[in-house]
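Sequence lines set the chain letters: A, B, ... in the order given, protein chains first and strands last, and positions in each chain run from 1. No hydrogens, no waters, no symmetry mates; every other heavy atom, side chains included, goes into these values. Keep in mind that this is a model prediction, so the values were computed, not measured.
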There are 2 protein chains.
Amino acid sequence: MSNVQVLPLLEPEAAVAPCCPPLTERPFSAEEAEVAARMFKALGDPVRLRLFSAVASHEGGEACVCDISDVGVSQPTVSHHLKKLKDAGLLTSERRGTWVYYRVEPSVLAAMGQLLSTAAGP
Amino acid sequence: MSNVQVLPLLEPEAAVAPCCPPLTERPFSAEEAEVAARMFKALGDPVRLRLFSAVASHEGGEACVCDISDVGVSQPTVSHHLKKLKDAGLLTSERRGTWVYYRVEPSVLAAMGQLLSTAAGP
DNA sequence: CGTCTATGTTGACACACATCGAACCAAGCG
DNA sequence: CGCTTGGTTCGATGTGTGTCAACATAGACG
């Protein structure tokens, strides 16, 4: 049983900087690939991508679950995917009264954008 | 008037737009999410990410399998992942004599970069 | 307190996937 | 032609994942 749950807490500063250089700069090391693949994987599901996009594009940068849960799957599945996005560090959640609001972790888009930035920019 | 270049500034589905608008622009439709998730998923594996990065960063933009197959898995597994990347449209392959060369599909980085581009740059 | 709505959690199940060894093609070389 | 090296395909196997129904929790409200 290799079900070790060692989740290294993502410190805010650690989450921002050390993700990775652009994919085109040099071959990724195993560690870099592990970290970056986790983000890509989290967005590698259509339902999660729609949820993420719905939150990211929602006004104010945050969205209540009730506003984004219309993606064609059951409510527990939505909750499951939101949890995955949260575990991957892409979203944060906060309960305010009856509803739970999700919000995009700002550093994430920057990190992934840097990953895909070509060395030869415009 | 045959060399008119239409700039796809306001028409996301026209011309260049290879798959989707930025994630932050509006909620993705099911079809957009399906297409985009396929690319993210292809890069959502550490081994594939290392292979892709190795090809993308290799000089000349292409690499022989023999040059990038040192990622800690067996050679059939490497071939399997390269095939997946090829099926996802991220890589192309060409046999030249003894060796097989892989090369990054150029439009891919642009497409994914556009996906993650925030309306307001950093 | 009891009840209703909004989310999260659990258990179960089917399917997909990553991985390997072995067998199989392709090109060069004696 | 047989041999060697490079690469892909095949079959099997264990693990991961998406999904749902059922249950659990957290506030709001009467």
Side-chain angles (χ1 to χ4, degrees), chain A residues 1-7 28 30 33-34 36-55 58 62-88 90-103, chain B residues 28 30 33-55 58 62-88 90-103:
Chain A
M1 308 314 176
S2 58
N3 197 2
V4 187
Q5 293 254 356
V6 182
L7 278 184
F28 268 30
E34 202 79 38
R38 209 171 304 156
M39 295 193 297
F40 282 114
K41 194 175 192 176
L43 295 179
D45 180 273
V47 174
R48 280 198 294 271
L49 203 50
R50 290 185 71 185
L51 290 171
F52 185 84
S53 170
V55 174
H58 206 265
E62 68 176 13
C64 159
V65 176
C66 55
D67 285 330
I68 61 175
S69 55
D70 187 20
V71 289
V73 294
S74 69
Q75 179 267 332
T77 303
V78 169
S79 187
H80 166 74
H81 284 303
L82 286 173
K83 179 178 169 54
K84 281 218 158 189
L85 287 168
K86 207 169 77 171
D87 288 346
L90 276 69
L91 293 181
T92 59
S93 70
E94 179 194 2
R95 170 162 229 135
R96 287 207 297 274
T98 305
W99 295 280
V100 176
Y101 292 87
Y102 280 80
R103 143 181 319 269
Chain B
F28 268 30
E34 202 78 39
V35 173
R38 210 171 302 154
M39 295 194 297
F40 282 115
K41 194 175 191 175
L43 294 180
D45 180 275
V47 173
R48 282 199 291 272
L49 203 51
R50 290 185 71 183
L51 291 172
F52 184 84
S53 171
V55 173
H58 206 263
E62 68 176 12
C64 160
V65 176
C66 55
D67 285 330
I68 61 176
S69 54
D70 188 21
V71 287
V73 294
S74 71
Q75 203 216 2
T77 303
V78 168
S79 187
H80 165 75
H81 284 303
L82 286 174
K83 179 177 169 55
K84 282 223 155 187
L85 287 169
K86 205 168 78 172
D87 288 346
L90 277 67
L91 293 180
T92 60
S93 71
E94 180 195 0
R95 169 164 229 132
R96 286 207 298 275
T98 305
W99 295 280
V100 176
Y101 292 87
Y102 279 81
R103 146 181 317 268

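The structure places OH of A:Tyr101 at 7.5 Å from CG of A:Asp67, a figure rounded to the nearest 0.5 Å.
Summarising the geometry of A:Ala42 relative to A:Arg48, their closest heavy-atom pair is O-NE, 2.6 Å, with the distance given to 0.1 Å.
Atom pair B:Arg95:CZ and D:dT9:P shows a separation of 11 Å (rounding to whole Å applied). Taking atom CD of residue B:Gln75 and atom P of nucleotide D:dT9, one finds them 12 Å apart after rounding to whole Å. Counting to the nearest Å, the P atom of C:dG8 and the CG atom of A:Leu85 are 12 Å from each other. Between A:Glu94 atom CD and D:dA26 atom C1' there is a gap of 15 Å when expressed in whole angstrom units. Computed from coordinates, the A:Asp67 CG to C:dT7 C1' distance equals 14 Å when rounded to whole Å. Atom CZ in B:Arg38 sits roughly 14 Å away from atom P in C:dA16 (whole-Å rounding). One atom, CZ of A:Arg96, and another, P of C:dT7, lie 12 Å apart when rounded to the nearest Å.
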Polar atom pairs between nucleotides 17-19 of chain D and protein, under 3.5 Å, N or O only, would you list them?
unit_1	atom_1	unit_2	atom_2	d
D:dT17	OP1	A:Lys41	NZ	2.9
D:dG18	OP1	A:Arg48	NH1	3.2
D:dG18	OP1	A:Arg48	NH2	2.8
D:dG18	OP2	A:Arg48	NH1	3.3
D:dG18	OP2	A:Lys84	NZ	3.3
D:dT19	OP2	A:His81	NE2	2.5

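For the side chain to side chain donor-acceptor pair (under 3.5 Å) with A:Ser93, the lone residue among A:Lys83, A:Lys86, A:Glu62 that qualifies is A:Lys86. The side chain to side chain contact (heavy atoms under 4.5 Å, CB included) with A:Leu82 is formed by just one residue from the set A:Val47, A:Thr77, A:Ile68; it is A:Ile68.
In this structure the side chain of A:Leu43 reaches within 4.5 angstrom of the side chain of A:Leu85, judged on heavy atoms.
Residue A:Trp99 places at least one side-chain N or O under 4.0 Å from the OP1 or OP2 atom of C:dT7.
Residue-level contact check: A:Tyr101 touches neither bases nor backbone, having no heavy atom under 4.0 Å from any strand. Residue-level contact check: B:Ser79 touches the bases, meaning some heavy atom is under 4.0 Å from a base atom.
Applying the 6.0 Å contact sphere to CG of B:Asp87 captures more than 12 heavy atoms from other residues, nucleotides or ligands.
For B:Tyr102, counting side-chain heavy atoms from C-beta on, the closest listed nucleotide (D:dT8, C:dT7, C:dG8) is D:dT8.
For the pair A:Thr98 and A:Lys83, nearest-nucleotide mapping onto DNA chain C gives the more 5' position to A:Thr98. Remark on DNA chain D: of its neighbouring residues A:Gly72 and A:Gly97, the 5'-side contact belongs to A:Gly72, judged by nearest-heavy-atom nucleotide.
Here the side chain of A:Arg50 pairs a donor or acceptor atom with the backbone of B:Phe28 at under 3.5 angstrom.
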